[in-house]
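Every chain is numbered from 1, with letters handed out A, B, ... down the list of sequences.
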There are 2 protein chains.
Amino acid sequence: MNQKSHRRGLLQAGRPSPTLEDLATAAGVSRSTASRAINGGLKVSPEAQAAVDAAIVALGYTPNRAARSLVTRRTGSVALVIPEPDARVMMDPFFAAVITGVNEALRGTDMQLVLLMSRAGDDSARTMRYLRGGHVDGAIVVSFHEADDWAETLGTTGLPTVFIGRPWAMGFGVPYVDLDNFEGGRLAARHLAATGRTRLGTVAGPADMTAAVDRLEGWMQGVREAGLPPGPVIHGDFTTAGGAEAARDLFSGSPELDGVFAASDLMALGVIDTVRGRGHKVPEDVAVVGFDNHSLLAANGLGLTTVTQPMVDMAVTAGQLLIRAIENPEEQLEPVIYPAELVVRGSTTGHCG
Amino acid sequence: MNQKSHRRGLLQAGRPSPTLEDLATAAGVSRSTASRAINGGLKVSPEAQAAVDAAIVALGYTPNRAARSLVTRRTGSVALVIPEPDARVMMDPFFAAVITGVNEALRGTDMQLVLLMSRAGDDSARTMRYLRGGHVDGAIVVSFHEADDWAETLGTTGLPTVFIGRPWAMGFGVPYVDLDNFEGGRLAARHLAATGRTRLGTVAGPADMTAAVDRLEGWMQGVREAGLPPGPVIHGDFTTAGGAEAARDLFSGSPELDGVFAASDLMALGVIDTVRGRGHKVPEDVAVVGFDNHSLLAANGLGLTTVTQPMVDMAVTAGQLLIRAIENPEEQLEPVIYPAELVVRGSTTGHCG
DNA sequence: ACCGTAGGTGGGAGCGCTCTCACCACATGG
DNA sequence: CCATGTGGTGAGAGCGCTCCCACCTACGGT
């Protein structure tokens with residue numbers, strides 16, 4: 001099979017895929033001019049530009065990304081790195097929001113989003129290799145447990161990287177986008193105190209996540225500022241089941257609690273289940289504050305008082321930050337912190353004042 | 001600027017990422033042998049293989065995907081096409097499940113997942129061009145409203161494609177993975193009839209989606225088989241708010257209904273809200289059946305009777321189907337239909353028998 | 001002895017693109 | 001009249017890789 005018939009064969013199979021050479025011939029210009037016309041059109045006469053434009057439409061030409069990438073050393077794609085893609089974790093609308101936001105930021109550029117999910121240890125090495133291998137122009141890393149490793153390694157490879165969520169290891173100057181989790185926790189405490197609750201406790205998130213730690217610290221500070229005793233703290237795993245279990249521990253140790261802050265809405269749901277299972281009412285007996293402003297729970301019958309987290313906006317910002325980092329590698333980018341806001345609903349003020 | 005300094009300059013901050021040539025030199029073999037050793041190692045002596053393996057580790061070598069792609073005409077990536085990426089639609093755990101499943105199927109291969117979200121018309125042309133442009137080896141399309149367009153165009157380009165959800169336009173032989181939506185609707189009707197409900201109605205999904213249409217037809221058949229009159233049908237948009245609104249229409253037309261089937265769990269949630277808003281009880285006055293077995297609602301206080309949809313498994317299957325289609329383009333792949341199962345919870349049998 | 005045929009190897013030719021550079025017109029200024 | 005641009009052009013050299021092919025050895029059968 002010679003070269004020509006090979007090409008024809010592909011065409012027959014439905015892949016016309018004309019090359020730049022074909023384009024140039026059709027437009028009656030050289031390969032160089034065609035290339036220039038495609039990429040910005042500097043130093044191209046109006047006639048040549050028009051001819052090339054017409055030929056592009058006529059042939060349905062699409063530049064071969066691989067060939068272009070080979071010489072420009074740009075891949076036209078960025079990675080979204082999500083550790084631990086359990087179904088459990090994916091079900092969290094957090095990720096949906098991140099994906100939506102990053103995609104939104106990429107709209108208009110010709111960048112494509114490559115999803116990189118890595119499970120436990122061994123796999124993350126593979127992911128790391130992929131990132132270092134120059135297969136993407138940049139990466140957005142959803143900061144998580146092992147984020148320090150990533151930060152360290154990525155920080156030194158020079159691959160433009162933006163974190164969503166403050167990474168553990170700082171000092172690499174890696175920019176990140178985060179919510180003011182500390183203030184969010186503090187707001188929850190202040191709200192419960194302001195509505196007359198005095199015996200507070202919290203179901204915190206995993207101790208190895210910065211968001212969870214920050215929320216807890218803010219909560220403790222808020223409780224302190226309200227002049228209330230620091231209540232019990234139980235760590236959950238951000239899931240509904242985990243929240244319910246943590247709440248059982250919480251109440252078995254301190255049955256008198258009248259206000260609970262759960263570090264995620266899903267955990268708050270579990271807390272509410274537990275409270276009701278013990279024959280008590282929300283919010284009459286126990287007020288519950290969540291975190292995330294989970295869209296599903298907002299529509300739920302019992303409105304959950306919670307701290308808002310504008311995840312989509314945050315993800316958009318992360319995407320824009322990454323684009324800037326790619327286009328201007330020298331620029332030192334600053335972290336962006338979004339303010340936390342409290343949304344008051346029935347789970348704290350249903351029948352009280 | 002000479003060639004060498006050019007190389008150094010473009011590589012951000014350091015890493016002169018070694019080429020196959022470098023690898024070969026380090027291993028003391030030729031470029032060809034090194035290439036063979038990397039790709040399967042056929043016709044390579046154990047010594048050469050060992051030398052290359054050692055050099056790979058020593059140099060931290062990663063093949064340049066662009067260069068490889070240029071000659072093999074394989075990109076090592078598949079697209080997941082999701083139309084209409086509104087936050088609304090993304091919040092649906094349906095997509096989280098799809099992403100998780102497809103990713104799972106790709107694990108072990110060296111394929112990467114490229115996320116392609118296209119909004120309304122103009123953008124979908126761009127997406128189409130991308131798909132036809134040979135930037136991916138295959139595509140998984142989440143079948144939706146305009147799916148017929150996609151099916152037609154993709155079916156003729158020869159790009160290996162698998163649909164999730166039966167596409168409207170058939171006859172292109174494009175394989176797809178779907179739930180037995182018809183049977184699901186039928187199960188819902190039979191269950192309501194079996195628990196003594198006689199005045200049935202349904203909040204169906206959008207009339208331009210095959211899943212919604214199939215569920216509705218199955219429902220109608222089930223009602224017929226139970227010897228009950230075909231009740232009212234109102235179309236919703238699969239969201240909670242849409243379900244609530246549709247339910248209001250439903251009850252204002254037929255206040256006597258005692259059993260409602262909503263074509264999605266989120267709409268079922270809306271239906272329940274409406275029922276309660278009218279001062280009636282679920283399930284005593286009105287039994288409600290949903291569809292999806294949404295993980296969040298399962299954990300909810302009031303358990304929702306619903307039809308299970310093993311989305312992650314379905315997506316895994318779609319991924320595997322696509323891989324087969326890519327590796328063996330000639331093979332004619334058959335659609336895979338998953339059986340529907342009913343999960344009975346409190347929203348239909350809470351206090352009845 | 002001869003010719004297979006097998007495992008193993010290296011050189012060379014591209015894949016489709018961008019980018020540098022030489023080159024051509026035709027202005028302008030001395 | 002030659003310098004010195006300046007907008008526009010096309011040939012040519014790669015980018016890093018895989019594949020084809022020529023070329024080695026062996027080793028067996030005839």
Side-chain angles (χ1 to χ4, degrees), chain A residues 1-4 6-7 9-10 15-52 55-56 59 61-76 110 133-135, chain B residues 1-11 15-52 56 59 61-76 110 133-135:
Chain A
M1 181 158 66
N2 68 30
Q3 205 57 37
K4 278 280 171 292
H6 178 238
R7 289 278 302 273
L10 277 177
R15 280 233 196 156
S17 202
T19 75
L20 184 58
E21 194 81 53
D22 300 338
L23 216 220
T25 308
V29 298
S30 75
R31 207 177 57 245
S32 310
T33 303
S35 176
R36 262 176 243 124
I38 289 169
N39 305 305
L42 266 79
K43 303 221 178 190
V44 177
S45 68
E47 304 85 59
Q49 181 74 53
V52 172
I56 288 177
L59 272 62
Y61 173 78
T62 321
N64 182 318
R65 235 179 162 84
R68 173 178 286 178
S69 178
L70 187 55
V71 37
T72 58
R73 293 168 168 284
R74 292 259 254 128
T75 64
D110 64 343
H135 303 310
Chain B
M1 181 157 70
N2 69 29
Q3 205 56 37
K4 277 282 173 289
S5 70
H6 177 239
R7 288 257 322 256
R8 301 270 176 249
L10 269 179
L11 289 166
R15 299 228 336 136
S17 95
T19 75
L20 184 59
E21 194 81 52
D22 301 339
L23 217 218
T25 309
V29 297
S30 76
R31 205 178 59 245
S32 310
T33 303
S35 175
R36 263 176 241 124
I38 289 168
N39 304 303
L42 266 79
K43 303 220 179 194
V44 177
S45 67
E47 304 86 60
Q49 182 74 54
V52 172
I56 288 177
L59 272 63
Y61 173 77
T62 322
N64 182 317
R65 236 181 162 84
R68 173 179 287 178
S69 178
L70 186 55
V71 37
T72 58
R73 298 172 162 282
R74 292 259 254 122
T75 64
D110 63 345
H135 303 309

[X] vs [Y] side-chain heavy atoms within contact, under 4.5 Å:
X	Y	answer
His135(A)	Thr62(B)	yes
Asn39(A)	Arg68(A)	yes
Leu23(B)	Leu20(B)	yes

Please state how far atom [atom1] in [X] lies from atom [atom2] in [N], giving the value in whole angstrom units.
X	N	atom1	atom2	value
Leu20(B)	dA13(C)	CG	P	18 Å
Leu42(B)	dG8(C)	CG	C1'	12 Å
Asn39(B)	dC17(D)	CG	P	10 Å
Asp22(A)	dC15(C)	CG	C1'	13 Å
Glu21(B)	dC15(D)	CD	C1'	13 Å
Leu70(B)	dA13(C)	CG	P	17 Å
Arg68(B)	dC17(C)	CZ	C1'	20 Å
Lys43(B)	dC23(D)	NZ	P	17 Å

query = Between Ser35(A) and dT18(C), does any side-chain N or O lie under 4.0 Å from OP1 or OP2?
reply = yes
task = Verify the contact: side-chain N or O of Arg73(B) to OP1 or OP2 of dG16(C), cut-off strictly under 4.0 Å; return yes or no.
result = yes
For the side chain of [X], counting heavy atoms from C-beta on, which of [options] is nearest?
X	options	answer
Thr72(A)	dT18(C), dT18(D), dC15(D)	dT18(C)
Tyr61(B)	dG16(D), dC17(C), dC17(D)	dC17(D)
Asn64(B)	dG10(C), dC17(D), dG7(D)	dC17(D)
Thr19(A)	dC17(C), dT9(C), dG8(C)	dC17(C)
Ser32(B)	dT18(D), dT9(D), dC19(D)	dC19(D)

query = Considering all heavy atoms of both residues, which atom of Tyr61(A) and which atom of Thr19(A) are nearest to each other, and what is their separation?
reply = CE1-C, 3.5 Å
message = At 4.0 Å (heavy atoms only), tell me whether Ser45(A) reaches a base, stays on the sugar-phosphate, or touches nothing.
response = sugar-phosphate
message = Categorize Ala48(B) for me: base, sugar-phosphate, or nothing, with a 4.0 angstrom heavy-atom threshold over every strand shown.
response = sugar-phosphate
ask   = Taking for each residue the nucleotide of DNA chain C bearing the nearest heavy atom, is the 5' side occupied by Gly28(B) or by Ala67(B)?
value =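 Going by which nucleotide is closer to the 5' end, it is Gly28(B).
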Toward the 5' end of DNA chain C, by each residue's nearest nucleotide, Val71(B) or Arg31(B) = Arg31(B)
message = Tell me whether Ser35(A) contacts the main-chain N or O of Arg31(A) through its side chain, where contact means a donor paired with an acceptor under 3.5 Å.
response = no
message = So, under a plain 3.5 Å distance rule, would you say the side chain of Arg36(B) forms a donor-acceptor pair with the base of dG10(C)?
response = yes
